[in-house]
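So the structure is just underneath, and the comments pick up after that.
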Amino acid sequence: MPYLGSEDMVKELKKALCNPHVQADRLRYRNVIQRVIRHMTQGLDMSGVFMEMVKASATVDIVQKKLVYLYMCTYAPLKPDLALLAINTLCKDCSDPNPMVRGLALRSMCSLRMPGVQEYIQQPVLNGLRDKASYVRRVAVLGCAKMHNLHGDSEVDGALVNELYSLLRDQDPIVVVNCLRSLEEILKQEGGVVINKPIAHHLLNRMSKLDQWGQAEVLNFLLRYQPRSEEELFDILNLLDSFLKSSSPGVVMGATKLFLILAKKFPHVQTDVLVQVKGPLLAACSSESRELCFAALCHVRQILRSLPGHFSSHYKKFFCSYSEPHYIKLQKVEVLCELVNDENVQQVLEELRGYCTDVSADFAQAAIFAIGGIARTYTDHCVQILTELLGLRQEHITTAVVQTFRDLVWLCPQCTEAVCQALPGCEENIQDSEGKQALIWLLGVHGERIPNAPYVLEDFVENVKSETFPAVKMELLTALLRLFLSRPAECQDMLGRLLYYCIEEEKDMAVRDRGLFYYRLLLAGIDEVKRILCSPKSDPSLGLLEDQAERPVNSWASDFNTLVPVYGKACWATISKCQRTERRVPELPNTASFATSGPLIPEENKEMVQELPDSGALMLVPNCQLTAEYFEKTWLRLKVAHQQVLPWQGAVHPDTLQMALQVVNIQTIAMSRAGAQPWKAYLSAQDDTGCLFLTELLLEPENLEMQISVKQNEARSETLNSFISVLETVIGTIGEIKS
Amino acid sequence: MIHSLFLINSSGDIFLEKHWKSVVSRSVCDYFFEAQERATEAENVPPVIPTPHHYLLSVYRHKIFFVAVIQTEVPPLFVIEFLHRVVDTFQDYFGVCSEPVIKDNVVVVYEVLEEMLDNGFPLATESNILKELIKPPTILRTVVNTITGSTNVGDQLPTGQLSVVPWRRTGVKYTNNEAYFDVIEEIDAIIDKSGSPITAEIQGVIDACVKLTGMPDLTLSFMNPRLLDDVSFHPCVRFKRWESERILSFIPPDGNFRLLSYHVSAQNLVAIPVYVKHNISFRDSSSLGRFEITVGPKQTMGKTIEGVIVTSQMPKGVLNMSLTPSQGTHTFDPVTKILSWDVGKINPQKLPSLKGTVSLQAGASKPDENPTINLQFKIQQLAISGLKVNRLDMYGEKYKPFKGIKYMTKAGKFQVRT
């Protein structure tokens, strides 16, 4: 903070604090201290008056004490030697007759955060645990956790832990919750506090006595408890029933999650619970607090992914109102897109159509993409709306619509005709790279149906020199070559010009290389070009693949009421991973032996290093068909060369998997039907040296993992490794599409 | 759980910080400022921002961002709710919650925050218990404190938390025993061009102010409890009794609290008490547009609509508006393009209207969309859902309390599309 003269201020305050007249006048003394605190909160360095402040702590004035303690907690790490002086006063206060002073002193002492303070606080904390005032016990219990942190997370004090476990029976509800919190921190290395049957039942019985924060946290801790019998399980659920109707959304969500996790073997109970919390969730979605709305909407989306029809009758609740912030509007549009059904599609589309002309370009585009999403099921109507939007001739609208068209044509080939008719004229209103690419792609692939396609592309070719985006130039090359195949007469000349430009004048290497590549390809003959460029123009199966994404509740139950629904799982994983490595770093200096920091390459990187050299070595031959008998014979003869498990959730769609494996030249010999338990599949593949890979996939649904066993007819570890990584990738990808 | 809290004003200055576990550098807020810059308006800053090592969860109220720094996985609703509780507490303590007030009372703010959280965990959040720990500043008390040199810290520990009923302290005594209940309903609605509702729902609450001696046990019954199907209660309400008899039975907390909140969303049950007649057109050829709106009552059961305020965000192309209201005052801000008309009461005999012309930017194309009209209003002595309290009985104590019930209907997010 640019605050000149802060040194003068410190001097002046120091003088005032030392002044015996000030010290004699309680009120003036306190005022000076307040000024110190005020400056401190504004971020000024007030550590200069530490000594004087320590002296000020010896007072009967409780407010003054509070202020000084506050000051000390902030600056103690900077002045550890001086802070030790304060300990004495604090220790004395810990046996003050007033419980409030005792609590205050204990809390401050535990928050000093400086080395060497542990030995002084141990005894006061232990005394505090047995204090008769619950206020002090609450502080002391959390003090245990702070003390443990000061010790550097090294050893766990068994006696202290036992003491805390016994304090779970304390009559004060906040002490109980604090015990849980404290144990959780102390036992972090061992996986946190253990919830066994007596503790779980004790907590359940105390639930109604806790405040809402306590309830929410206890519900979270109870997730660890596994009821022994079905009867016990349903008893617990009955006890918790009323929390689904709590006035605090946090408690409702916590209770919902507990229900979902406990009842993971009873899908109908899970569905019941989700029906029950529909009301509270919708209430949170229209709550006064925007932030609550947002978090609730994220959870609604998650539920919709498993129960698409769940909120359909309440679709109007998700209509945006003008004054809402963007992040809520964007969530609502996503929700609307997901809960569309035959009955409400008309109204939802009409509403979305209204958003497309919103003042905010981002929101308008989001609405257009949402219509595009709905178009996968209700194609005709949506294409009509999108076509009308083109008539507005607004730049941001046109580019979003054209991008939507591109994706749509790929997934739903039946709308190609309508799209082709809508396209002429769009080129005037597109300026950005994404939109141009989409338009050029459409013109190239479906050019034979758009009469003026060559002329539009010609304009792009004319202006290619001033084009700023390399991606657009690449797209233009491909599109023009494609169009050349279907309409050679109109395109030959400009294709020549474009190739000339790209090869002779273009500065961007990627574009130039692409130009050269096409040039040489053309030299190889027109049939060769056709074989390479004329791939299928649509892939409806991709759309179906995505539609299958109806996930079982269990696949996300553990993420419910966490930050995952807000971020999305992948994003969350990278964040927490990043954090974990970060946390590891500061610990290093603390560990006495430096042997741990020996290996320079972290584990993840090591794997990469191993894999890289041979990743190109494996070439699987297409169309290696083994007969089932031959496979069986070989399978029985060979030993398992490699075995590993991969995470897997939910059932398998054999067709999807088979198709995906086909792509990387792995053949399927036999597979169980979908839904069989356990599910098995046998695969085979052969590389260019004739080495055979035989694989068994085994999925036992309750384990949530897929076991892979690979056998090889020639023992060669490097090709085996690459084969396994290929297999892993495929299975990983399929798993992600599903989940 | 909550590592640190930063208070940031809308121009991006951190004016208060408090750390519970370890000191987190202010630089963590840079990520927040980035998001703030990206969002065009303060309201659009996303409530959850990931940074490489922390997560920032924030709420925006009273033009202040309350940013909590989190380091481990947390239930997001829990933290957001807690932040709102912090704001509510400040408001309760100081009357208003604004930057200057917080700066003036920074010491009390720190004391309160210290009691609300320990080691990052919520501790005392009930405002009547907090107020016993730390007395709120009042003008009178400030004067008294200055003279006597006494403090605004309670000398005694609150006894409330030790009683068998956690939300009520023991030994409460009043000379006048009174119990007041306010039934407040807010209508959230979107009305389409033709005047028929697209969505409409009622968010109702019953707020209570109970000042009764001892341990009273109250029961409250409704004439038409069937209206309430989506309800959430204060923890004091006995849920089983409600489920079986549809009666609210509870030992109330002392002082102000929210007894229950409910939703009525079945379309046919939600009456819309006002209508807006509008005629807004931006003509293509000339640079003048026509603007006319009239507000009138409907389905108000004979009650007066008051406190009516109409606001509307005009399209960018609007330069100025020259309007004449039949009553009330109006303003148009040519920079933000917000039209605001303070109507006051609606007299059904003489409906208020606002008429005039709109001058548009010359040469610019006609705006695509007509403006949306936001409406605020109040109706006293009416719960628009028709909810009625039947009777209130007290058991457990001998005296006769004074009982009162008030009804009120307000506009929540009420908007009319044109």
Side-chain angles (χ1 to χ4, degrees), chain A residues 26-27 34 37-38 41 61-63 66-67 70 99-100 107 113 133-135 138-139 142 145-146 173-174 181 209 211 213 216 220 242 245-250 253-254 279-280 283 286 289 291-292 294-295 316-317 319 321-323 325-327 357 392 561-563 566-567 575 578-579 582, chain B residues 16-17 22 26 39 43-44 46-48 50 52-53 55 59 73-78 80-82 84 106-107 110-111 114 118-119 121-123 125-126 146 149 151-153 157 161-162 166 188 190 198-199 201 203 230-235 239 258 261 263 313 316 368-369 372 374 413 415:
Chain A
R26 233 171 113 186
L27 211 62
Q34 284 200 1
I37 301 286
R38 197 159 292 163
T41 59
D61 182 354
I62 204 168
V63 172
K66 259 192 189 177
L67 297 178
L70 184 66
M100 204 146 147
R107 184 156 65 208
R113 289 191 284 266
S134 60
Y135 184 78
R138 290 174 189 172
V139 172
L142 283 182
K146 293 181 194 167
I174 298 190
R181 293 161 170 167
K209 297 270 188 320
D211 60 356
W213 321 109
N220 216 358
S242 63
K245 291 270 169 203
S246 164
S247 58
S248 150
M253 298 297 265
S286 49
S289 150
E291 297 82 9
L292 274 183
F294 172 73
K316 284 187 174 172
K317 289 248 184 185
F319 284 2
S321 99
Y322 184 78
S323 46
H326 264 152
Y327 52 84
T357 48
L392 293 173
N561 197 25
T562 65
L563 289 169
V566 180
Y567 287 123
I575 295 172
C578 178
Q579 202 183 34
E582 199 52 38
Chain B
L16 193 112
E17 56 185 302
S22 54
R26 279 181 170 215
E43 290 175 347
N44 291 342
V48 183
H53 314 312
Y55 322 106
V59 302
E73 174 61 271
V74 289
L77 284 106
F78 181 97
I80 289 170
E81 244 186 306
F82 181 79
H84 278 294
V106 75
V107 174
Y110 264 89
E111 286 179 62
E114 186 83 357
D118 188 8
N119 207 23
F121 299 111
L123 220 50
T125 54
E126 284 292 329
T146 327
T151 69
N152 54 353
V153 171
L157 261 187
Q161 290 147 300
L162 297 177
D188 289 350
I190 302 178
I198 297 176
T199 72
E201 65 171 0
Q203 318 231 27
D230 181 6
V231 214
S232 57
F233 300 108
H234 189 275
F239 188 62
R258 177 155 294 176
S261 48
H263 282 252
Q313 167 88 50
K316 274 187 211 134
D368 294 324
E369 206 186 6
T372 306
N374 289 306
K413 293 178 210 145
Q415 55 171 283

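Within every chain, numbering begins at 1; the chains are lettered A, B, ... in the order of the sequence lines, protein sequences first and strands thereafter. Owing to the predicted nature of the structure, the values given are computational and were not obtained by experimental measurement.
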task: Would you check if B:F233 and A:S247 make a side-chain contact, meaning some heavy-atom pair closer than 4.5 Å?
output: no

- request: For residues A:L292 and B:L77, report the shortest heavy-atom separation together with the two atoms involved.
  value: CD2-CD2, 3.7 Å

Structural part of B:Q203 lying under 4.5 Å from a heavy atom of chain A: side chain

message: Please report the interatomic distance NZ(B:K413) to OG(A:S321), rounded to the nearest 0.5 Å.
response: 6.0 Å

message: Please give me the minimum heavy-atom distance between A:R181 and B:P122, naming the atom from each residue.
response: NH1-O, 3.2 Å

message: Using a 4.5 angstrom heavy-atom cutoff, name the option from A:S289, A:A295, A:A216 with the most pairs to chain B.
response: A:S289

message: Run A:W213 and B:F121 through ring-ring contact (aromatic ring centres under 6.0 Å, His included) and show every step you take.
response: CA-CA 9 Å; A:W213 321 109; B:F121 299 111; over 10 Å; no

B:E81 and A:S248: CA distance, side-chain angles, deciding distance, side-chain contact (heavy atoms from CB on, under 4.5 Å) verdict: CA-CA 8 Å; B:E81 244 186 306; A:S248 150; 2.9 Å; yes

query: Nearest heavy-atom pair of B:I198 and A:K316: which atoms, and what distance?
result: O-CD, 2.8 Å

- request: Sort A:L142 into side chain, backbone, both or neither according to what part of it lies under 4.5 angstrom from a heavy atom of chain B.
  value: both

- request: Specify the closest pair of heavy atoms between A:P325 and B:E43, including all atoms of both residues, with the distance to one decimal.
  value: CB-O, 3.2 Å

Residue pair B:P75 / A:T562, side-chain heavy-atom distance below 4.5 Å: no

field: Pick from B:S232, B:P47, B:P46 with the largest number of heavy-atom pairs that fall under 4.5 Å of chain A
entry: B:P47

statement: Max heavy-atom pairs within cutoff under 4.5 Å with chain A, candidates B:E17, B:Q313, B:R258, goes to B:Q313

field: A:L563 side, atom CG; B:Y55 side, atom OH - distance, nearest 0.5 Å
entry: 7.5 Å

field: Option in A:K146, A:M253, A:Q34 with maximal non-hydrogen atom pairs under 4.5 Å from chain B
entry: A:K146

task: Determine whether B:P76 and A:N561 make a side-chain contact, defined as any pair of heavy atoms from C-beta on separated by less than 4.5 Å.
output: yes

- request: Grab the two heavy atoms, one from B:N44 and one from A:Y327, that are nearest each other, plus how far apart they are.
  value: O-CD2, 3.5 Å

- prompt: Under a 4.5 Å heavy-atom cut-off, does chain A meet the side chain of B:E201, its backbone, both or neither?
  reply: side chain

query: Just wondering, do B:D118 and A:R107 contact through their side chains at under 4.5 Å, heavy atoms?
result: yes

message: Only pairs of heavy atoms separated by less than 4.5 Å count here; which of A:P280, A:S242, A:G254 has the most with chain B?
response: A:S242

task: Measure A:S246 against the heavy atoms of chain B and call it side chain, backbone, both or neither at under 4.5 Å.
output: backbone

- prompt: Taking C-beta and beyond as the side chain, do B:D188 and A:K317 meet within less than 4.5 Å on heavy atoms?
  reply: no

- prompt: What heavy-atom pair brings A:K245 and B:F239 nearest, and what distance separates the two atoms?
  reply: CG-CZ, 3.6 Å

Residue, of B:V107, B:N374, B:I190, that accumulates the most heavy atom pairs under 4.5 Å with chain A: B:V107

message: If you apply the rule side-chain contact (heavy atoms from CB on, under 4.5 Å), what do you find for A:S286 with B:H263, and how did you get there?
response: CA-CA 10 Å; A:S286 49; B:H263 282 252; 3.8 Å; yes

